[in-house]
Amino acid sequence: MNTRFIQKSLAGAAIVALAAVLPACGADDNGSDAEETTTNAVGGAVDAIVDLAFVSALRNQYPDVAADMTDDEILSAAEDVCDDVRDGDDRDDLIDSVRDSFESGDAEIDDARADQILNLLQSTGC
């Protein structure tokens, strides 16, 4: 089991718990500000956990694709593809987008692998 992934997951869960508790500690008369702060903090923590899950899954399932990419580069490539998904691009265009966004170094991505990476993206919240 990937202990780094477990450690980061536990850290993410701790951030979520802390984000939910901290606003309640203040003596602010405006409760809606505290609720909004908590919602934003929890949403950001959830996004970070989802990002971590995708990066970890890509590194584990397609190590050759992720080998020459930093976590930030992987997330940037994922966001490029997700933008195309949100724009309603058809499946063939999305496959091309995955290939364009994730090919690096010696890793070549055929249609089948691009489709699998696209499915992975969509399963992690794209």
Side chains of residues 116-126: which donor-acceptor partners sit under 3.5 Å, not counting sequence neighbours?
| unit_1 | atom_1 | unit_2 | atom_2 | d |
| --- | --- | --- | --- | --- |
| Gln116 | OE1 | Tyr62 | OH | 3.2 |
| Asn119 | OD1 | Arg91 | NH2 | 2.7 |
| Asn119 | ND2 | Asp115 | O | 3.4 |
| Gln122 | OE1 | Arg91 | NH1 | 3.3 |
| Ser123 | OG | Asn119 | O | 3.4 |
| Ser123 | OG | Leu120 | O | 2.9 |
| Thr124 | OG1 | Leu120 | O | 3.1 |
| Thr124 | OG1 | Leu121 | O | 3.1 |

Residues in side-chain hydrogen bond (donor to acceptor under 3.5 Å, both in side chains) with Asp68, at least two apart? none
Arg59 and Ala66: which non-hydrogen atoms are nearest, and at how many Å? NH1-O, 3.0 Å
Heavy-atom side-chain proximity of Asp84 to Asp93 below 4.5 angstrom: no
Once salt bridge (charged side-chain N to carboxylate O under 4.0 Å, His left out) is applied, do any residues pair with Asp89, and if so which ones, sequence neighbours excluded? none
Contact summary for Ser101 and Ala77, nearest pair of heavy atoms: O-CB, 3.3 Å
Asp83: salt bridge (charged side-chain N to carboxylate O under 4.0 Å, His left out) partners, not counting sequence neighbours: Arg86
In Å and rounded to the nearest 0.5 Å, what is the OG to CD1 distance from Ser56 to Ile49? 11.5 Å
Enter the distance from Leu75:CG to Leu52:CG here, rounded to the nearest 0.5 Å. 9.0 Å
Is Val85 reachable from Leu58 through a run of I, L, V, M, F, W or Y residues, each pair having side-chain heavy atoms under 4.5 Å apart? yes
Mind checking salt bridge (charged side-chain N to carboxylate O under 4.0 Å, His left out) for Asp64 and listing every partner two or more places apart, or none if nothing turns up? Arg113
Residues in side chain to side chain contact (heavy atoms under 4.5 Å, CB included) with Glu108, at least two apart? Glu103
